[in-house]
Asks: 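The following block contains the structure, expressed as structure tokens.
Chain naming here is simple, since letters A, B, ... match the order of the sequence lines and numbering starts at 1 in each. Just so it is clear, the structure is predicted and the values come from calculations on it, not from any experiment.
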There are 2 protein chains.
Amino acid sequence: MARIDLGQITRLSPATVTAITSDLLDQGLILSLESEEPKTPQARGRPRTLLKLNPDAAFIIGARLSVNNIDLSLVDFAGEVVRENRTKFDSAAADASSFPEILITAISNFLKEAGVQRGRVQEIGIAAQGVVETETGQVAWSPAFAGRKIPIVSPLQDAFGAQCYISNDTNMITEALHWSDPNRYSGTFAVIMLDYGVGMGLYLNNQLFSGASGTAAEFGHANHIPGGALCRCGKRGCLEAYLSDYALVRAATHLPEDTDPMTIRAGVRGLAQLLEKAASGDENALKAFHEAGRVLGYGVARVIAMIDPKRLVLTGAAMRAFSFMEKGMQDGLEEALVADLRNNFSLDVMPWNEDFIRSGLIAQSMERLDKDFLGAAERTAEDAPRRDNAEMPA
Amino acid sequence: MARIDLGQITRLSPATVTAITSDLLDQGLILSLESEEPKTPQARGRPRTLLKLNPDAAFIIGARLSVNNIDLSLVDFAGEVVRENRTKFDSAAADASSFPEILITAISNFLKEAGVQRGRVQEIGIAAQGVVETETGQVAWSPAFAGRKIPIVSPLQDAFGAQCYISNDTNMITEALHWSDPNRYSGTFAVIMLDYGVGMGLYLNNQLFSGASGTAAEFGHANHIPGGALCRCGKRGCLEAYLSDYALVRAATHLPEDTDPMTIRAGVRGLAQLLEKAASGDENALKAFHEAGRVLGYGVARVIAMIDPKRLVLTGAAMRAFSFMEKGMQDGLEEALVADLRNNFSLDVMPWNEDFIRSGLIAQSMERLDKDFLGAAERTAEDAPRRDNAEMPA
DNA sequence: GCTATTTTTTTTGGTGTCCGAAAAAAAGTT
DNA sequence: AACTTTTTTTCGGACACCAAAAAAAATAGC
């Protein structure tokens with residue numbers, strides 16, 4: 001907060017810190033707290049003048065799209081969540097033509113309530129379940145929508161004139177983990193989320209990896225058993241068809257493997273009921289969890305073989321049942337993967353926390369916001385550039 | 001070659017190019033070709049003075065370790081291969097205690113023959129089949145060795161005082177592809193090699209990805225069928241157990257799936273025989289290739305789901321049989337992967353070329369050599385550094 | 001109350017990298 | 001021989017950063 005601390009963190013000299021901070025003060029991006037002394041039991045020496053980010057310098061919006069819900073957060077430049085709300089919509093009727101307008105209206109109303117003008121929003125970050133194409137800025141397919149290929153980024157950019165970015169919800173959890181504990185969650189790690197579906201997030205070489213078109217890490221729809229159980233995506237044998245809530249219910253109630261997932265009443269309640277049964281010793285429930293654990297072990301084995309992460313995090317609502325799956329998972333891992341590859345990695349089981357998705361969205365958007373300002377600063381600096389050198393920014 | 005061209009390529013001003021090149025000339029890293037005019041039909045204007053890398057500035061060694069063979073290349077600073085040789089050794093007897101000495105002797109003799117002193121070798125790059133731990137610098141397991149955990153990097157570094165780096169051979173093919181055609185092979189792409197085993201190389205976000213411990217992309221030992229065919233690694237159902245040469249021979253000759261791979265005479269000859277049979281219309285051979293193709297399709301599907309590459313390259317000796325596998329592969333891909341994920345990627349089938357591994361090794365080592373010199377230059381520059389700032393190298 | 005001490009911040013002068021503009025060099029053209 | 005063209009070098013300056021010194025603002029001791 002004080003200049004001297006900034007110097008330590010950035011490893012810049014005090015002289016440079018003074019130069020940079022005075023620039024930022026001029027631009028109004030940071031504020032000096034000379035007036036309100038925080039009455040710290042001051043040691044002697046010249047007191048440090050605290051600096052803080054100017055909360056009003058810019059705003060970002062985070063939007064999480066799930067079945068029937070749009071969850072919005074308004075965050076100021078200092079990273080504080082200023083306002084939140086939840087808007088309901090009808091997932092079963094939402095498609096490429098109707099949803100963009102619904103989302104724009106929801107955000108507009110939200111900003112109006114918050115008393116923030118459109119122009120002050122610099123970044124909009126979106127997280128959605130399902131197959132999200134970050135590159136094209138659309139949702140290829142998601143349980144939250146009836147249609148396919150729902151465009152999100154360009155309608156929002158047109159409507160608000162802000163940078164917009166859409167990503168898979170599990171990617172946002174991955175980003176949130178890195179931000180919450182960079183020491184533990186850095187380098188190369190993977191996050192597997194068992195919830196309404198099965199998702200994976202990859203953090204590779206110190207950055208979030210989302211593949212060439214942005215749909216990377218669709219772990220749930222990687223095949224587990226050729227020609228196996230029917231999956232929500234229409235194919236057979238996907239990992240999700242053995243691991244998700246409907247798959248557990250289907251297995252525990254001895255429904256045939258080709259029972260249409262849409263007809264199975266699963267969801268949070270179905271899973272909770274199954275958990276209760278398992279806790280009270282029900283054979284079918286226990287067996288279903290054990291078998292799902294084994295499948296998970298096989299999935300984890302494939303991730304290790306292909307990605308070789310330092311750490312693997314398991315999370316999602318289904319983690320409440322992990323104790324019933326653990327043994328099965330260990331067995332599956334043992335069966336599927338040669339010992340040479342099974343060393344050198346650690347497994348975290350993380351209790352599920354809804355807020356992770358929001359934190360990740362905010363972290364990601366804040367980072368992009370920083371880049372916006374950095375880019376703007378560079379553009380101001382080069383008044384008459386001889387040429388635009390993309391790499392090597394001096 | 002001329003300063004003006006360097007300026008265009010690096011996007012530095014002519015003034016800066018002159019400054020830098022005169023430094024490099026002083027250091028002896030580059031040479032000026034003032035004497036031997038290449039008699040280009042000179043346009044008017046001051047003639048360009050050509051510069052070239054000083055071939056004698058440093059040397060690198062590339063070593064490829066395969067079954068019974070050590071293939072060495074000596075490359076000068078200009079990237080020219082100065083000398084090559086092949087040294088035989090007994091893979092069946094090579095283990096952690098014996099092999100390092102064998103390799104050191106082979107390299108020593110090679111250098112002696114070439115008349116290059118040890119001290120002039122700056123980089124040694126090694127490629128090996130199998131599970132290679134880049135981080136620890138050892139081969140965890142490889143068909144080229146009888147034992148496990150063969151240390152390579154530290155013995156070589158001790159013996160030659162040069163930087164040393166070991167990697168999987170498929171990774172080197174991946175690197176070579178990027179170097180040979182950076183336009184086509186950039187960003188995020190995957191290479192699958194079907195040969196003596198099944199390997200994969202990943203190029204993600206414009207860099208070679210080798211995972212946390214360096215064993216990434218062990219595609220061949222990712223599970224395909226739980227409890228399935230016996231693999232060379234000892235587990236059941238690995239992709240390799242359906243796709244590699246021994247697997248093809250095993251399937252075509254109707255041997256049971258748990259036949260020990262070590263007892264199957266496959267290799268180049270076995271594969272060639274099977275190809276002949278298929279070409280002459282043999283049902284069993286055709287069926288074996290078709291089925292292997294299907295398995296490959298499933299494997300490719302898993303890579304697409306998890307990695308989302310822009311491009312996928314198939315190569316390796318077995319590509320001669322691709323025409324017999326193609327239909328099966330398309331079927332497998334169709335069966336395994338939902339259409340939403342199957343778009344947006346292209347498939348290259350690349351005829352196999354042994355030299356790729358060497359080119360990749362050289363490319364990688366040259367790059368590391370550049371970094372060595374860059375680091376050395378920076379260290380010279382900072383005579384009395386106030387602090388060592390790891391990132392932001394000014 | 002005054003001086004000394006401590007700590008933070010700012011100022012000053014200097015270094016290194018890069019650039020633009022001008023000058024120099026080395027050819028061909030007329 | 002004078003002019004044109006192209007490459008290379010030189011020169012002065014902009015910018016980012018730093019070290020050292022100076023200034024500022026507090027406490028501690030007498």
Asks: Between the protein and nucleotides 22-26 of chain C, are there any N/O to N/O pairs under 3.5 Å, and if so, what are the atom names and distances?
Replies:
residue, atom, partner, partner atom, Å
C/dA25, O4', B/Arg46, NH1, 3.4
C/dA26, N3, B/Arg46, N, 3.2

Asks: Return the value, rounded to whole Å, for the distance between atom CZ of A/Arg48 and atom P of D/dT27.
Replies: 15 Å
Asks: Can you list, pair by pair, the side-chain donor-acceptor contacts under 3.5 Å of residues 116-124 of chain A, counting residues two or more places apart and other chains?
Replies:
residue, atom, partner, partner atom, Å
A/Arg118, NH1, A/Ala159, O, 3.0
A/Arg118, NH2, A/Ser108, OG, 2.7
A/Arg120, NH2, A/Asp56, O, 2.3
A/Glu123, OE1, A/Arg368, NE, 3.2

Asks: Side chains of B/Thr134 and B/Ser213: closer than 4.5 Å at any heavy-atom pair?
Replies: no
Asks: Go through the structure and list residues passing ring-ring contact (aromatic ring centres under 6.0 Å, His included) with B/Tyr203, not counting sequence neighbours.
Replies: B/His178, B/Phe189
Asks: If you check the A/Thr16 side chain, which of C/dT9, D/dC18, D/dC11 turns out closest?
Replies: D/dC18
Asks: Report yes if a side-chain nitrogen or oxygen of A/Ser22 is closer than 4.0 Å to either non-bridging phosphate oxygen (OP1 or OP2) of C/dT10; otherwise report no.
Replies: no
Asks: Quick one: A/Leu6 CG to C/dT10 P, roughly how many Å, whole number?
Replies: 12 Å
Asks: Please report, rounded to the nearest Å, how far the P atom of C/dT9 is from the CD1 atom of A/Ile4.
Replies: 6 Å
Asks: For A/Gln8 and C/dT9, give me the distance from atom CD to atom P, rounded to whole Å.
Replies: 12 Å
Asks: Check the pair A/Leu29 / A/Leu24 against side-chain contact (heavy atoms from CB on, under 4.5 Å), numbers first and verdict last.
Replies: CA-CA 5 Å; A/Leu29 296 184; A/Leu24 295 176; 4.0 Å; yes
Asks: Is B/Ser13 close enough to C/dC18 that one of its side-chain N or O atoms is under 4.0 Å from OP1 or OP2 there?
Replies: no
Asks: I'd like to check the salt bridge (Lys or Arg N to Asp or Glu O under 4.0 Å) partners of A/Arg3; sequence neighbours left out, ordered by chain and number.
Replies: none
Asks: To the nearest Å, how far apart are B/Asp23 CG and C/dC18 C1'?
Replies: 13 Å
Asks: Could you please name the option among C/dC18, D/dA20, C/dT9 that lies closest to any side-chain atom of B/Leu12?
Replies: C/dC18
Asks: Compare side-chain N and O positions of B/Thr49 against OP1 and OP2 of D/dT7 and report whether any pair is under 4.0 Å apart.
Replies: no
Asks: List the residues meeting ring-ring contact (aromatic ring centres under 6.0 Å, His included) with B/Phe77, not counting sequence neighbours, and say none if there are none.
Replies: B/Phe373
Asks: If I take atom CG in residue A/Leu50 and atom C1' in nucleotide C/dT7, what distance separates them, rounded to the nearest angstrom?
Replies: 14 Å
Asks: From CD1 of B/Ile20 over to P of D/dT8, roughly how many Å is that when rounded to an integer?
Replies: 15 Å
Asks: Please identify each residue that fulfils side-chain contact (heavy atoms from CB on, under 4.5 Å) with A/Asp355, with sequence neighbours left out.
Replies: A/Asn353, A/Arg358
Asks: May I have the distance from A/Asp5 (atom CG) to C/dT9 (atom C1'), rounded to whole angstrom?
Replies: 13 Å
